[in-house]
Undergrad: 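The structure under discussion is supplied below as structure tokens; questions concerning it will follow.
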Amino acid sequence: MIVYQNTKKRFFDDVISNNIEHIILDFFKKKIGQGTTEREITSWKNSMQYMNNVLLDPEIPDDAGIIVEYQIPQTSKRIDFIITGQNQNNTDHAILIELKQWSTAKQTSKDGIVSAFVGGRQRELSHPSYQAWTYAALLNGFNEAIYTSEIQLVPCAYLHNYANDGVINNSFYKDYIEKAPIFLKEDIFKLRDFIKTFVKYGDKNKVMLTIDGGRIRPSKSLSDNLVSMLKGNEEFLMIDEQKLVYETALQLARKSSPNNKNVLIVEGGPGTGKSVVAINLLVNLTKIGLLSQYVTKNAAPREVYKTKLTDDFKQTEISNFFTGSGSFVNRKANVFDALIVDEAHRLNGKSGMFKNLGENQIKEIINSAAFTVFFIDENQKVSIHDIGEKDEIKKWAKHFGANVTELELTSQFRCNGSDGYLAWLDYILQIRDTANTEIDTEEFDFKVFDNPDDLRDLIFEKNLINNKARLVAGYCWKWVSKKDPSQIDIVLSDNFAMKWNLADDGMRWVIQPESVNEIGCIHTCQGLEVDYIGVIIGEDLIVRNGEVLVDPSKRDAYDSTVKGYKKMLKDNPVYTKELLRNIIKNTYRTLMTRGMKGCYIYCTDKETNEYFKNALK
């Protein structure tokens with residue numbers, strides 16, 4: 001998505017009007033659908049003046065294309081500044097420029113990471129050259145117009161306030177500077193020459209319009225690329241905070257020991273890349289000889305991963321890679337160098353089918369390793385038995401004398417990169433107040449259906465593309481077909497009669513080719529993703545007079561996520577009612593964020609269905 005686009009000549013006119021930042025802001029509001037911070041507006045004002053000075057060279061053609069704030073498809077990432085045109089051989093080029101206001105920086109010991117004063121405090125961030133290079137790689141990977149044409153992407157970084165001090169361009173960052181050159185305060189003429197190397201003639205072929213209108217290539221799936229990753233291939237580049245989390249985890253793992261235990265807590269919402277970073281860590285910690293395991297309570301992702309690996313790895317190797325959160329009850333202290341705990345919000349107190357083993361999964365996991373990293377999203381707690389919270393992790397880290405580091409993943413790589421959809425979802429489910437009271441259905445495909453037949457038929461249609469569309473539902477229907485396969489579980493109309501996912505498929509439901517004919521639930525899809533998700537909202541979540549209410553009694557009696565709630569209501573009614581509200585709303589929030597490209601819903605309660613339909617008007 002292009003926020004601002006013009007020719008070099010018209011960009012010059014907008015800058016000298018002394019109104020460039022507000023011109024960009026107007027386009028930003030129209031295209032993105034929201035405002036931005038005063039800090040970003042001020043950065044536009046300053047940086048555009050500097051870029052205009054760079055472009056004041058008659059050898060850079062007036063009809064070169066200028067783009068400000070281009071949002072990379074399927075992500076929430078934006079490229080600051082792009083110049084388009086043709087070189088001396090008439091080959092189309094797009095120069096991607098990462099702009100920074102920094103005047104100083106500090107070198108770190110982490111690969112591709114610097115420390116700079118940003119957002120009112122000193123913090124570690126991706127090196128500008130690393131950032132520019134990975135953004136170019138993202139754009140190249142997502143856009144078929146680039147992939148199939150001769151359009152060349154050229155990344156670089158411009159720090160117009162930064163005087164050369166030998167830090168930001170230190171040889172430690174040489175590999176990334178070679179991929180994306182960095183230009184400092186005194187380098188205006190070098191940057192001009194760099195631009196003229198690739199843009200000698202104007203943008204005759206409207207390069208960015210070609211890119212922006214190009215077909216988006218299918219997103220990479222973690223499960224589909226797992227074999228390649230475990231064989232050491234780099235399938236997913238770490239972007240921005242992902243890179244910082246990854247490098248911090250590697251550093252902590254290397255220096256940890258039984259006498260110097262470390263715990264890293266990483267917060268991140270749906271689609272921020274928690275699992276991608278976790279698997280990359282597993283691969284590289286293993287590569288450097290540290291005994292490591294990937295841990296998750298959710299059986300679904302583990303079973304999918306194991307299925308994907310079966311033809312390439314021995315079962316013993318697979319079981320050494322992945323394990324459940326309940327497997328540390330009787331482990332000796334510090335037997336592992338590192339444990340990578342994904343979906344840590346789903347951890348339980350006790351382990352075992354009857355929750356009668358051990359004392360506390362968080363305690364047992366931290367006890368078992370010199371270094372532990374917990375990837376957590378407290379808004380994805382979907383069971384009254386989930387204890388995975390930051391405070392609980394910190395409590396047990398303190399118990400073992402472990403140092404605690406906290407980081408956050410914020411960049412969005414699901415729901416078409418739409419932060420707006422996620423914020424709108426929180427607003428519409430009344431989880432929290434947000435400014436996103438409307439949804440852009442062109443940005444993320446969201447539909448509400450009046451009958452379940454149409455929802456099912458669209459999911460079937462989408463699934464024909466690449467077997468990445470599935471139906472899921474709240475656990476409001478009995479699983480009678482588990483014991484008697486001739487039975488039907490969910491009947492919603494004369495033409496809609498389907499079963500829960502078959503017991504034979506189990507947690508592999510999301511990848512089995514025929515499972516589009518079955519309905520999954522939170523247990524079989526949390527921690528996984530598809531392109532399109534169809535969600536049936538049962539009567540455990542209803543809307544009355546505009547208020548989103550929950551009713552746990554509408555859940556099937558065998559649903560383990562609310563099992564025991566009646567006794568809890570008697571013992572502590574105020575706390576339990578709030579807990580149940582959070583659990584049921586979080587369940588549907590999680591189901592409605594499994595789709596990378598679209599989410600379609602049908603509510604069995606008519607007033608609830610109307611509520612969601614009216615939210616789209």
Undergrad: Checking D212 side chain against L209 main chain: does a donor-acceptor pair fall under 3.5 Å?
TA: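 Side chain of D212 to backbone of L209: no pair is present.
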Undergrad: Could you state the interatomic distance from OH (Y70) to CD1 (I67), rounded to the nearest 0.5 Å?
TA: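 Y70 atom OH to I67 atom CD1 measures 9.5 Å (nearest 0.5 Å).
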Undergrad: Has Y50 got a side-chain atom pairing as donor or acceptor with I188's backbone, closer than 3.5 angstrom?
TA: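 Not a single qualifying donor-acceptor pair exists.
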Undergrad: Do I24 and E21 make a side-chain contact, defined as non-hydrogen atoms from C-beta onward lying under 4.5 Å apart?
TA: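 Side-chain contact under 4.5 Å: no.
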Undergrad: Can we say E378 and K390 salt-bridge, meaning some charged N sits less than 4.0 Å from an Asp/Glu carboxylate O?
TA: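 Looking at E378 and K390, the cut-off is not met.
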Undergrad: Is a salt bridge present between D240 and K77, judged by a nitrogen-to-oxygen distance below 4.0 Å?
TA: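 Yes, charged N to carboxylate O under 4.0 Å.
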Undergrad: Taking 4.0 angstrom as the limit, do D426 and R589 come out as a salt bridge?
TA: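 Yes, this pair counts.
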Undergrad: Test side chain to side chain donor-acceptor pair (under 3.5 Å) on N463 and R470; report intermediate values, then the result.
TA: CA-CA 7 Å; N463 194 61; R470 291 293 184 274; 2.8 Å; yes
Undergrad: If I take atom CG from residue N52 and atom CD1 from residue I20, how far apart are they, to the nearest 0.5 angstrom?
TA: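 Between N52 CG and I20 CD1, I get 8.5 Å after rounding to 0.5 Å.
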Undergrad: Before we go on, tell me: are the rings of H127 and Y173 under 6.0 Å apart, centre to centre?
TA: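 Ring-ring flag for H127/Y173: true, centres closer than 6.0 Å.
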Undergrad: Would you confirm whether N609, through its side chain, and C603, through its main-chain N or O, come within 3.5 Å as a donor-acceptor pair?
TA: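 Side chain of N609 to backbone of C603: a pair is present.
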Undergrad: Determine whether the aromatic ring centres of F194 and F183 lie less than 6.0 Å apart.
TA: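 Distance test on ring centres: under 6.0 Å, yes.
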Undergrad: At what distance, to the nearest 0.5 angstrom, does CD1 of I97 lie from OG of S47?
TA: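 Reported value, rounded in 0.5 Å steps: 10.5 Å.
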Undergrad: Do D62 and R10 sit within salt-bridge range, that is, some charged N less than 4.0 Å from a carboxylate O?
TA: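 No, this pair does not count.
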Undergrad: Go through it in stages, so that I can follow the logic: the residues are Q86 and T91, the test is side chain to side chain donor-acceptor pair (under 3.5 Å), and I'd like the CA-CA distance, side-chain angles, deciding distance and then a yes or no.
TA: CA-CA 5 Å; Q86 296 182 328; T91 301; over 6 Å; no
Undergrad: Thinking salt bridges, do R78 and E40 make one under a 4.0 Å N-O criterion?
TA: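 Judged by the 4.0 Å cut-off on N to carboxylate O distance, R78 and E40 do form a salt bridge.
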Undergrad: Determine whether a donor-acceptor pair (N or O, by modelled atom type, separation under 3.5 Å) exists between the side chain of R121 and the backbone of F117.
TA: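 Between the backbone of F117 and the side chain of R121 there is no qualifying donor-acceptor contact (under 3.5 Å).
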Undergrad: Compare all side-chain heavy atoms of D14 with those of Y4 and state whether any distance is below 4.5 angstrom.
TA: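 Result yes, sub-4.5 Å side-chain heavy-atom pair found.
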Undergrad: Using modelled atom types only, decide if a donor and an acceptor are shared between the side chain of R192 and the backbone of N53 within a distance under 3.5 Å.
TA: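 Pair found, side chain donor or acceptor close to backbone of N53.
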Undergrad: If you count the non-hydrogen atoms of other residues, nucleotides and ligands that lie under 6.0 Å from CD in Q107, is the total more than 12?
TA: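 Check passes, neighbour count above 12.
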Undergrad: Give a yes or no on whether K110 atom NZ has more than 12 heavy-atom contacts from other residues, nucleotides or ligands under 6.0 Å away.
TA: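 Yes - once you tally the heavy atoms of other residues, nucleotides and ligands closer than 6.0 Å, there are more than 12.
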Undergrad: Output the distance between atom CG (L422) and atom CG (L425), rounded to the nearest 0.5 Å.
TA: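 Result: 7.0 Å between the selected atoms.
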Undergrad: Dump the intermediate steps for salt bridge (Lys or Arg N to Asp or Glu O under 4.0 Å) on K100 and D80, then the final yes or no.
TA: CA-CA 9 Å; K100 297 294 184 192; D80 294 330; 5.6 Å; no
Undergrad: Are any of the side-chain heavy atoms of D187 and L184 separated by less than 4.5 Å?
TA: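 In contact.
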Undergrad: Taking side chain as C-beta onward, heavy atoms only, is L591 less than 4.5 Å from Q526?
TA: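 Side-chain contact under 4.5 Å: no.
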Undergrad: Going by atom types alone, do S115 and Q122 pair a side-chain donor with an acceptor below 3.5 Å?
TA: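 Looking only at side-chain atoms, Q122 and S115 do form a donor-acceptor pair, the distance falling under 3.5 Å.
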Undergrad: Is there a salt bridge (Lys or Arg N to Asp or Glu O under 4.0 Å) between K204 and D92? Walk through the geometry before answering.
TA: CA-CA 9 Å; K204 300 174 184 177; D92 290 326; over 6 Å; no
Undergrad: For N89, does the CG atom have more than 12 heavy-atom neighbours from other residues, nucleotides or ligands under 6.0 Å away?
TA: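 Yes.
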Undergrad: Establish, yes or no, whether the cationic atom of K185 lies under 6.0 Å from the six-membered ring centre of Y162 and within 45° of the ring axis.
TA: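 No, a cation-pi geometry is absent between K185 and Y162.
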Undergrad: Below 30° counts as parallel, above 60° as perpendicular, anything between as tilted: where do the rings of Y421 and F444 land?
TA: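 The rings of Y421 and F444 sit tilted, inter-plane angle from 30° to 60°.
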Undergrad: Could you go step by step and tell me if Y246 and Q242 meet the side chain to side chain donor-acceptor pair (under 3.5 Å) rule?
TA: CA-CA 6 Å; Y246 173 77; Q242 295 178 347; over 6 Å; no
Undergrad: Should we count CZ of F460 as having more than 12 external heavy atoms under 6.0 Å?
TA: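 Check passes, neighbour count above 12.
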Undergrad: Do T593 side-chain atoms and T590 backbone N/O form a donor-acceptor pair below 3.5 Å?
TA: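 Checking the backbone N and O of T590 against the side chain of T593, a donor-acceptor pair under 3.5 Å is found.
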Undergrad: How would you list, by chain and number, every residue that makes a ring pair (Phe, Tyr, Trp, His ring centres under 6.0 Å) with W102, sequence neighbours excluded?
TA: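 So W102 forms no ring pair (Phe, Tyr, Trp, His ring centres under 6.0 Å) with any residue.
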Undergrad: Just by distance, do the side chain of S129 and the backbone of A180 share a donor-acceptor pair under 3.5 Å?
TA: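 It does hold such a pair.
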Undergrad: Please determine whether the number of non-hydrogen atoms from other residues, nucleotides or ligands lying under 6.0 Å from atom CZ of R123 exceeds 12.
TA: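 For R123, atom CZ is crowded (more than 12 foreign heavy atoms under 6.0 Å).
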Undergrad: Is the closest side-chain heavy-atom distance between Y135 and L153 below 4.5 Å?
TA: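 Side-chain contact under 4.5 Å: no.
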Undergrad: Between K447 and D445 (salt bridge meaning N to carboxylate O under 4.0 Å), is one present in this structure?
TA: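 Salt bridge: yes.
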Undergrad: Would a 4.5 Å heavy-atom cut-off, applied to side chains only, mark T410 and T272 as touching?
TA: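 No, too far: nothing below the 4.5 Å cut-off.
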Undergrad: More than 12 foreign heavy atoms under 6.0 Å from NZ of K45: is that the case here?
TA: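 No, the 6.0 Å shell around NZ holds no more than 12 heavy atoms from other groups.
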Undergrad: Under 4.5 Å between any side-chain heavy atoms of I66 and I83, yes or no?
TA: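 Yes, close enough: below the 4.5 Å cut-off.
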Undergrad: Does V3 offer a backbone N or O that forms a donor-acceptor pair with the side chain of Q5 under 3.5 Å?
TA: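 No: the side chain of Q5 does not pair with the backbone of V3.
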Undergrad: List the steps and the verdict of side chain to side chain donor-acceptor pair (under 3.5 Å) for T84 and H93.
TA: CA-CA 6 Å; T84 57; H93 281 76; over 6 Å; no
Undergrad: Taking C-beta and beyond as the side chain, do V167 and V114 meet within less than 4.5 Å on heavy atoms?
TA: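 V167 does not reach V114 side chain to side chain.
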Undergrad: Quick check: Y427 with W424 (ring centres under 6.0 Å apart)?
TA: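 When the ring centroids of W424 and Y427 are compared, they turn out to be at least 6.0 Å apart.
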Undergrad: Say whether D342 and S275, considering side chains only, have a donor N or O and an acceptor N or O under 3.5 Å apart.
TA: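 Indeed, the side chains of D342 and S275 share at least one donor-acceptor pair under 3.5 Å.
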Undergrad: What orientation do F11 and F81 show, parallel under 30°, tilted 30 to 60°, or perpendicular over 60°?
TA: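 Plane angle over 60°, so perpendicular.
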Undergrad: Starting at NZ of K31, measure out to CG of D440 and round the result to the nearest 0.5 Å.
TA: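 Those atoms lie 12.0 Å apart.
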Undergrad: Could you give the distance from CD1 (I79) to CD (Q131), rounded to the nearest 0.5 Å?
TA: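 One finds 10.0 Å between CD1 of I79 and CD of Q131.
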Undergrad: For E343, enumerate each residue passing the salt bridge (Lys or Arg N to Asp or Glu O under 4.0 Å) test, keeping only those at least two apart in sequence or located in another chain.
TA: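 E343 satisfies salt bridge (Lys or Arg N to Asp or Glu O under 4.0 Å) with no other residue.
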Undergrad: Let's go through D193 and K196 carefully: what are the C-alpha distance in whole Å and the side-chain angles of both, what is the deciding distance for salt bridge (Lys or Arg N to Asp or Glu O under 4.0 Å) to 0.1 Å, and is it a yes or a no?
TA: CA-CA 5 Å; D193 290 341; K196 289 188 288 187; 3.7 Å; yes
Undergrad: Is it the case that the side chain of Q88 and the backbone of K200 share a donor-acceptor pair, with hydrogens and angles ignored and the cut-off at 3.5 Å?
TA: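 No; zero donor-acceptor contacts below 3.5 Å.
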Undergrad: Checking Y201 against N87: is there a side-chain donor and acceptor pair closer than 3.5 Å?
TA: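 No, because no side-chain N or O of N87 sits under 3.5 Å from a partner of the opposite role on Y201.
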Undergrad: Atom CZ of residue position F172 - does it have more than 12 heavy atoms of other residues, nucleotides or ligands inside 6.0 Å?
TA: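 Atom CZ in F172 is crowded, with more than 12 foreign heavy atoms closer than 6.0 Å.
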